Protein chains: 2
Amino acid sequence: MAEATIRDVARQAAVSVASVSRALNGLANVHPDTRARVLAAAKDLGYVPHAGARSLSLARTHAIGVVLPDLHGEFFSELVRGLDREASARGYHLLLSNMHDKGDHAAQALRTMHGRVDGLVIMAPHIDPAVIAAMLPARLPTVTINTPSGPGGNALRVDNRAGAEAMAHHLVALGRKRIVHIAGPEGNSDAQERLEGFRAALPSDVELQVLPGDFSQASGEQATEALLKAGDAFDAIFAANDMMALGALQALRGAGVAVPQEVAVGGFDDVPLARYLSLTTIRVHMTEIGSRAAARLIDALEVRGAEPLHELITPALIVRATTVTE
Amino acid sequence: MAEATIRDVARQAAVSVASVSRALNGLANVHPDTRARVLAAAKDLGYVPHAGARSLSLARTHAIGVVLPDLHGEFFSELVRGLDREASARGYHLLLSNMHDKGDHAAQALRTMHGRVDGLVIMAPHIDPAVIAAMLPARLPTVTINTPSGPGGNALRVDNRAGAEAMAHHLVALGRKRIVHIAGPEGNSDAQERLEGFRAALPSDVELQVLPGDFSQASGEQATEALLKAGDAFDAIFAANDMMALGALQALRGAGVAVPQEVAVGGFDDVPLARYLSLTTIRVHMTEIGSRAAARLIDALEVRGAEPLHELITPALIVRATTVTE
DNA sequence: CTGTTAGCGCTTTCAA
DNA sequence: TTGAAAGCGCTAACAG
């Protein structure tokens, strides 16, 4: 026996499919008796509406597509949690699609979302906005997260610049004069903005040395080890993200360098690990970003004439033991 | 102008919709010229197939539903990453649905998946399997993860018992005689199995004290503090998961108790934090579990006559600095 | 209040 | 090799 359809219910209740649809969807114009019969028949047959068919008919899926790069664990789950919280509260599902591969596979993934979702949340700090725009399935409402986009469309962005500035002011206020920045990957706009904001906020009497990194803990460790070997003097490290800062911390510890007495260390993101290890950092609340993104998208979907909006989220400086002693 | 449909393409290419369908899906029986015209027209119009309509027609969505409880961050992302890796490699999407609420909302979430997904991966260590079975949308292929299910249907389970036994043997081999177990939540089958396996593996000359916990770091910390206050002697703590073990560690450190000299500490899960903090634990590789679950489900979906299978995954003991000195 | 019917966009017999 | 048409399961006019 196949799944019961609306027609089976109609037959069993001896009414038309239209009445079943109306009864089940709680429309007003249904006689109580009819409704009762329909409900009974539906329960009897274990009828479950076919969401796919419903979507096709309504041109509404109540699902939102989520396209993410291969995020570090904590980031990923916090972001998805935020998205899910808002989405499910408002009756939407999440359709996930990691964008690990290069452009080609990603474009493919995006295309297959057409007709499955009502809108898209897309995060791509490492991809040219023009490329993204080109892949987008036509007029699908979209909100981007941390994408270096021009105007037009909804966008949520972390104010990396402001965050990095806050870190700069903090380190300078501590009297640090020879500061090292471990940068993120080249093409990454977050990384770029953090570096620029940091550099711009340093007074001229502070030396800044920039080392390459790739956001991985290992790269932070290596950069720091190289630094130590080179014998250059420095009194602070600001890594473009927490994982690299933790790597730096490890290298310093291994070399017997006192933190924060000799070298202060700051990161960016405030991953759970950072709190645990008392790392001074810039807090980026991914859960909140996720729910805001979902909220904005759903608003755009449901509220007619919702204006596209660019929202800049200012992250907060969290001072912990890697920059100050108690 | 609305989205181009297959009909627009047909008109533009001056062929029937059937030919468009055949051409676009790469069927053999299409004249090269026709195919070329269709491809040109499709590209010209920016045509993207409507996945929803396609699904309805094929009775195949190429999506798998994922129903999870509110997992701790690292768990969640690792599991989802594993699922996604396998799913996207085999051309499937993931439709997420967190099961935070009690049964009612969860059942609702499950129902709305009917007609949107081809199968379900469901994880619910805290819910009665009978309840789950009752909510399942009819004959939807399903694989359960760590669900205390009876036979029937696909199931992946971590061998909690074996893991806990390994920990017991390890602690006993270290000569520990007064061991404390901080347990997980009452209704949770993982927690239960870990306790049972642990208890069963301890020789009679070892004292075991069981304290309640709820898998949160705070509960591990509190339990340990209470223990210290009570003044009972103990030389090892085995927490039912890593987060509680970390809480215990913190409490011990705060009280100036030497780990592992005075008290050895073990956890369960091997979350990233555990590695970082050198916690002895039992490794549960969630990424692998995720991809295996997806693989099994897709096999069941695509391979005719794939036998339902119960797979027991044995986790490994990872010895680190909280139980042995180097 | 209820039933009939025409789609939603696509695939797939079945004939030609 | 192609086209016409039925149909996937549901909703929404439009008549009664």
Side-chain angles (χ1 to χ4, degrees), chain A residues 1-38 41-42 45-63 111-118 137-138 140, chain B residues 1-38 41-42 45-63 111-118 137-138 140:
Chain A
M1 181 196 85
E3 296 279 323
T5 75
I6 195 173
R7 245 185 304 258
D8 300 318
V9 178
R11 191 175 313 123
Q12 168 107 346
V15 296
S16 71
V17 295
S19 289
V20 175
S21 176
R22 286 189 281 250
L24 260 28
N25 289 313
L27 299 206
N29 50 347
V30 184
H31 191 91
D33 292 359
T34 307
R35 188 187 305 276
R37 285 224 307 289
V38 169
L45 296 172
Y47 170 71
V48 179
H50 188 289
R54 191 153 201 275
S55 296
L56 182 58
S57 176
L58 290 173
R60 212 73 168 49
T61 65
H62 277 269
R111 301 175 79 76
T112 65
M113 289 218 168
H114 173 62
R116 291 169 125 24
V117 300
D118 296 332
L140 201 54
Chain B
M1 182 196 83
E3 296 281 322
T5 76
I6 195 174
R7 243 184 308 253
D8 300 319
V9 178
R11 189 175 315 125
Q12 168 109 347
V15 296
S16 72
V17 296
S19 290
V20 175
S21 176
R22 287 190 279 250
L24 260 27
N25 290 311
L27 298 207
N29 51 347
V30 184
H31 191 94
D33 292 359
T34 307
R35 189 187 303 279
R37 284 223 307 289
V38 169
L45 297 172
Y47 170 71
V48 179
H50 189 289
R54 191 150 200 277
S55 297
L56 182 59
S57 178
L58 291 174
R60 210 74 166 48
T61 65
H62 277 269
R111 302 175 79 74
T112 65
M113 288 217 168
H114 174 62
R116 292 171 117 37
V117 301
D118 296 332
L140 201 56

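Below, chains carry the letters A, B, ... as their sequence lines are ordered, and counting in each starts from 1. These figures come from a predicted structure and were not determined experimentally.
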ask   = Whole-Å distance between D:dC10 C1' and A:H62 NE2?
value = 14 Å
ask   = Tell me: CZ of A:R116 to C1' of C:dC10, nearest whole Å?
value = 13 Å
ask   = Which heavy atom in A:D8 sits nearest to a heavy atom in A:A4, and how many Å separate them?
value = OD2-CA, 3.3 Å
ask   = What pair of heavy atoms forms the shortest contact from B:D118 to B:T61, and how long is it?
value = OD1-N, 2.7 Å
Touch class at under 4.0 angstrom, heavy-atom based, for A:S55 against every strand present = nothing
inquiry  = What residues from residues 22-32 of chain B pass a heavy-atom cutoff of under 4.0 Å to DNA chain D?
reply    = B:R22, B:N29, B:V30, B:H31
Distance-minimising heavy-atom pair for A:S16 and A:A10 = C-CB, 3.8 Å
key: Inter-residue atom distance A:L45.CG - A:T5.OG1, 0.5 Å rounding   = 9.0 Å
Side-chain donor-acceptor pairs of residues 50-58 of chain A under 3.5 Å, sequence neighbours excluded:
unit_1: A:H50; atom_1: ND1; unit_2: A:G52; atom_2: N; d: 3.3
unit_1: A:H50; atom_1: ND1; unit_2: A:A53; atom_2: N; d: 2.9
unit_1: A:R54; atom_1: NH2; unit_2: A:N25; atom_2: OD1; d: 2.9
unit_1: A:S55; atom_1: OG; unit_2: A:A51; atom_2: O; d: 2.9
unit_1: A:S55; atom_1: OG; unit_2: A:R60; atom_2: O; d: 3.4
unit_1: A:S55; atom_1: OG; unit_2: B:R116; atom_2: NH1; d: 3.4

ask   = Nearest heavy-atom pair of B:I6 and B:Y47: which atoms, and what distance?
value = N-CE1, 3.5 Å
A:S19 vs C:dG3: side-chain N/O to OP1/OP2 distance below 4.0 Å = yes
ask   = Residues two or more places apart in sequence or in another chain: which of them pass side chain to side chain contact (heavy atoms under 4.5 Å, CB included) with A:R35?
value = A:A23, A:V30, A:L39
key: 4.5 Å side-chain heavy-atom contact, A:L140 and A:H114   = no
remark   = Taken to the nearest whole Å, CZ/B:R60 to P/C:dG9 is 24 Å
inquiry  = Suppose we screen for side chain to side chain donor-acceptor pair (under 3.5 Å). Which residues come up paired with A:T112, at least two apart in sequence or across chains?
reply    = B:H93
query = Do A:Q12 and A:V9 have side chains that get closer than 4.5 Å, going by heavy atoms?
reply = no
Any N/O pairs under 3.5 Å between the protein and nucleotides 5-9 of chain D? List them or say none.
unit_1: D:dC8; atom_1: O2; unit_2: B:S57; atom_2: N; d: 3.4
unit_1: D:dG9; atom_1: N2; unit_2: A:A53; atom_2: O; d: 3.3

query = Just checking A:V15: base, sugar-phosphate only, or nothing, at a heavy-atom cut-off of under 4.0 Å?
reply = sugar-phosphate
ask   = How far does the helix from C:dC1-D:dG16 to C:dA16-D:dT1 bend, going by the axes of its first and last five pairs, to the nearest 10°?
value = 40°
query = Closest heavy-atom contact between B:N29 and B:R22?
reply = OD1-CD, 3.9 Å
